[in-house]
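Worksheet: one structure, shown below.
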Amino acid sequence: FFKQKTAYDIPLRLVGSEMCIRDRYMIVGIIGSGGREHAICHALNKSKKIDKIYCFPGNAGTDAIAENINLDINKFEEIKNFIFSKKIELVVIGPEKPLVDGLTDYLESFDIKVFGPSKVASQLEGSKIFTKNICKKYNIPTANFGVFNDINQAKNFLDKSNFPIVIKADNLAAGKGVYICENKEESYQAVKEIFDGKFGAAENVLIEEFLEGEEMSFFILSDGITYKNFGTAQDHKRVQEGDKGKNTGGMGAYSPSRLINEELEKKILNNIIDPTLRALKDLKSSYKGFLYAGLMIKNDEPYLIEYNVRMGDPECQTILPKLNTDFGEIIDSCCNGRLNEIKINWNDKKSICVVLCSKGYPETYQKNVEIENINKIELNTNDHLFHAGTIKRGDVTLAVGGRVLNFVSLSDSFEESRNRIHQLLNNLNWSDGFFRKDIGYKVIKK
Ligand code: AMP
Ligand code: GLY
């Protein structure tokens with residue numbers, strides 16, 4: 001539905017009013033298929049700059065506002081060929097794996113603009129030991145740690161340790177390579193599983209002091225030159241109410257975090273973010289994209305638990321609806337090294353996301369289950385329904401993943417936002433799903 005020429009048809013050397021035409025009509029691609037990517041797609045779809053969006057591969061939610069392209073996101077060359085064939089100008093990479101695998105570098109080598117960090121910078125998430133070594137060298141507050149390349153040395157160390165203790169695989173493990181061990185037997189087991197290759201071939205294991213405190217997700221985005229804050233949130237990783245049971249990809253989140261204040265923000269920026277960006281610079285690299293610092297806050301002091309080189313999921317679904325500035329402008333300015341020219345404005349609403357999951361998640365669950373009432377859900381302006389593991393088959397929406405739908409609502413109070421979400425979930429009344437009713441309990445007094 002191109003109203004005018006597409007950006008590719010217009011010569012690059014333009015001035016004045018013609019420049020506006022070029023600025024307005026961008027074709028973008030989004031890599032990923034989760035709730036985070038639907039929220040990104042929704043925010044970009046509202047942008048004045050953007051004319052057309054392709055999602056690789058997207059979900060039933062993105063299908064309604066963009067064109068889903070069923071390509072394997074591990075096949076870089078196929079993605080590049082598609083991007084050229086459709087004249088896509090800018091690509092936003094949602095999940096960590098293609099970033100860690102170097103998709104940004106690959107596409108940029110063909111002069112395609114990418115919002116997402118390089119392979120080197122993505123080691124901040126791809127290798128926990130890489131990050132820990134930066135922490136050590138640049139005095140970034142984090143849990144004390146040791147790296148062991150031999151199972152017996154690791155066990156000797158554990159013999160002398162206090163518990164609980166944290167044991168981690170070095171590489172990407174889809175959130176599963178972290179063990180919080182209460183005693184020596186559990187820790188021996190964790191070390192053995194990691195060296196046995198449960199999370200891929202392991203040369204090292206990371207053993208960390210257990211940090212007490214409350215967790216917070218802190219986000220920035222950067223164009224490689226400057227950076228800006230991009231909100232805070234708290235998520236709920238455990239499957240059961242009261243933060244019990246198995247770890248999941250995230251059962252819900254709220255934004256802003258109750259912990260953030262000006263003093264704490266200063267400490268996070270000065271003691272954690274700035275030295276990290278300096279470290280990348282010293283490695284002759286830089287950071288472009290979202291950076292997500294997973295922090296432990298104890299007595300108003302921040303400690304880095306981990307970095308992620310992307311937005312959080314489901315944190316992203318709570319943060320993007322708070323944005324008042326054109327998201328397309330922000331992303332485009334990041335890809336052009338002009339982030340300093342943009343002012344990012346937010347509304348001050350309280351945002352909550354509750355994730356509706358397939359029964360059985362995070363273990364086994366059924367796939368291809370119809371979500372019967374989804375078309376009957378009526379959203380107000382402050383409500384959002386972001387899809388995750390869904391596909392469209394004809395007029396029918398099917399659940400195909402563990403995390404299926406994200407219900408987001410914004411209001412003047414967290415309690416009101418959550419009540420509204422529960423109302424929507426009750427209207428949906430999907431008997432094959434479940435959700436946590438206590439998302440945001442720390443900010444909602446019962
Ligand atoms: P990670 O994948 O490194 O984020 O770890 C997953 C989760 O494990 C974190 O969100 C924390 O809840 C917990 N965790 C990781 N490292 C530590 C630590 N050193 N102390 C306490 N909890 C931790
Ligand atoms: N919400 C946790 C994550 O995105 O890793």
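All ligand and atom numbering here is 1-based and tracks the order in the structure. Small disclaimer: the values here were computed from a predicted structure and weren't measured. Along the sequence shown, the residues carry numbers beginning at 1.
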What atoms of ligand 1 come closer than 4.0 angstrom to any heavy atom of [X]?
X: Lys168; answer: 3 (O), 15 (C), 16 (N)
X: Lys237; answer: 10 (O)
X: Ala143; answer: 19 (N)

Glu212 touching ligand 1 at heavy-atom level, < 4.0 angstrom: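 It does not, in that no heavy atom of Glu212 comes within the 4.0 Å cut-off of ligand 1.
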Is there at least one pair of N or O atoms, one from Glu315 and one from ligand 2, spaced under 3.5 Å apart?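 Yes, Glu315 has an N/O under 3.5 Å of an N/O on ligand 2.
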N or O pair under 3.5 Å between Asp235 and ligand 2: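 So ligand 2 has an N or O lying under 3.5 Å from an N or O of Asp235.
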Examine ligand 2 and decide if any of its atoms is less than 4.0 Å from a heavy atom belonging to Arg310.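 True for this residue.
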Could you tell me whether ligand 2 has any atom less than 4.0 Å away from a heavy atom of Gly250?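 Flag not set, Gly250 not near ligand 2.
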Between Asp243, Ile180, Leu206, Asn247, which one has a non-hydrogen atom sitting closest to atom 13 (C) of ligand 1?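 Shortest heavy-atom distance from atom 13 (C) of ligand 1: Ile180.
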Would you please test Gln317 and Asp313 for side chain to side chain donor-acceptor pair (under 3.5 Å) and show each step? CA-CA 7 Å; Gln317 293 88 304; Asp313 184 343; 2.8 Å; yes
Which ligand 2 atoms, with their elements, are less than 4.0 angstrom from a heavy-atom of Gly312?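 Those atoms are 4 (O).
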Looking only at the side chains, is there a donor atom on one of Tyr106 and Asp101 sitting less than 3.5 Å from an acceptor on the other?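 Side chains of Tyr106 and Asp101: no pair found under 3.5 Å.
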Going through the checks in order, is the side-chain contact (heavy atoms from CB on, under 4.5 Å) test met by Leu295 and Tyr303? CA-CA 5 Å; Leu295 305 172; Tyr303 298 84; over 6 Å; no
Hey, does the Lys NZ or Arg CZ of Lys155 hover above the aromatic six-ring of Tyr188, less than 6.0 Å from the centre and inside 45° of the axis?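 Pair Lys155/Tyr188 counts as cation-pi.
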